Amino acid sequence: MTADRPTTHDAIEDARNRDIKIYINGELRHRDEAKVSVYDSGFMLGDGMWEGMRLYNGQWAFFDEHMDRFFDSCKAVSLDVGMDRDGIFEALNRTAEANGMSHDVHCRLMVTRGVKSKPFQHPSLSRSGPTLVIIMEHSRPVDRLQERGIRLASVPQVRGLPMSQDAKLNSHSKLNCVIASLQAEQAGADEALMLDPHGFVNTTNACNFFIVRKGQVWTSTGDYCMNGVTRRKVIDLCQANDIPVFEKNYSLYEAYGADEAFLTGTFGAQTPVDEIDGKRIGSGERSVTRRIQALYRALIGRETGGSA
Ligand SMILES: Cc1ncc(COP(=O)(O)O)c(C=O)c1O
């Protein structure tokens, strides 16, 4: 990560993160001592699920929506979390308290099928219950990306059909996205713009993707991308504020010709896009993106009882 090769997850350097405590199955360990077994299903196979969440003003933003997705994902792969959403809530708050964190915090909640008895794939080899890890960091996205915008490259790696590996599963294995990210890097871009199996524009390797054309906001149908919490909130905000919004198929042709484009994700909220495949997007004026950003900040404020 360098100044000329940003990612959508670049945060302002915060020295406090060198000494954070990490939750592992009920224990809180200094990050240098926070370890899981080499037999863990997450390490061996990427067999686990995770959620990225944010804490503002001592409140978890959109906690219910994150828990809906987390528990649906775990249920879909028969992964017993070992606790309900109240238990997760307590574990999150315990970790925040142990770290003295209450605002501008990003959390990665991870659960895997646990430690295996042998180094092979079958889920039945995971016999000791799940591994639950919570990493929280002081985290504020860098301003640089807001001014400059992110550069995307469309890549050969596509989002798969739901019957191969449903993109809605927020699995530990992100190899599909990692390959896309590598392809974007090789093309000299910051992040990958991924198509669906029919060639329509779908999503980026780590965020959902929107364009703005003549005052209308477009995003993919949602069939092949992560069911992003931020994506949903942006669509709802547009609908509530008379900004025409459409979930529809469109191609790179329409993305290149857009007036504005932006990414959405819990970490960075809305990140403007500067170029796609070397083509500048719009004039750089970004008035609709800015309006949506303001609406989203106000929503976070209402949700968490303070300012975002
Ligand atoms: C591939 C992908 N797309 C989009 C997102 C954004 O989702 P959210 O808005 O819920 O953070 C994520 C985050 O987990 C992701 O992994």
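This is a predicted model, so every value here is computed, not measured.
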- Item | Close side-chain approach of R232 to E65, heavy-atom, < 4.5 Å | no

- Does some side-chain heavy atom of F209 sit less than 4.5 Å from a side-chain heavy atom of L152? yes

- Message: I'd like to know if D223 pairs up with R159 as an ion pair, taking the criterion as any Lys NZ or Arg NE/NH1/NH2 lying under 4.0 Å from an Asp or Glu carboxylate oxygen.
- Response: no

- D19-H30 side chain donor-acceptor pair, cut-off 3.5 Å: yes

- Query: Considering residues, nucleotides and ligands other than Q121, do more than 12 of their heavy atoms fall under 6.0 Å from its CD?
  - Reply: no

- Query: So, N57 and T304: side-chain donor and acceptor under 3.5 Å apart, yes or no?
  - Reply: yes

- Non-neighbouring partners of Q183 that pass side chain to side chain contact (heavy atoms under 4.5 Å, CB included), sequence neighbours left out: V155, P156, Q157, I179

- Query: Of the non-hydrogen atoms in F62 and E303, which two are nearest, and what is the gap between them?
  - Reply: N-OE2, 2.9 Å

- Message: Main chain of S287, side chain of E260: is a donor-acceptor contact present, judged purely on distance under 3.5 Å?
- Response: yes

- Query: Just by modelled atom types, is the S41 backbone N or O under 3.5 Å from a matching donor or acceptor in the D47 side chain?
  - Reply: no

- Of all heavy-atom pairs linking K116 and S126, the shortest is NZ-OG, 3.2 Å

- Task: Say whether S154 and D277, considering side chains only, have a donor N or O and an acceptor N or O under 3.5 Å apart.
- Result: yes

- Query: Any side-chain heavy-atom pair from M44 and T112 closer than 4.5 angstrom?
  - Reply: no

- Is there a side-chain contact between T221 and F200 (heavy atoms, below 4.5 Å)? no

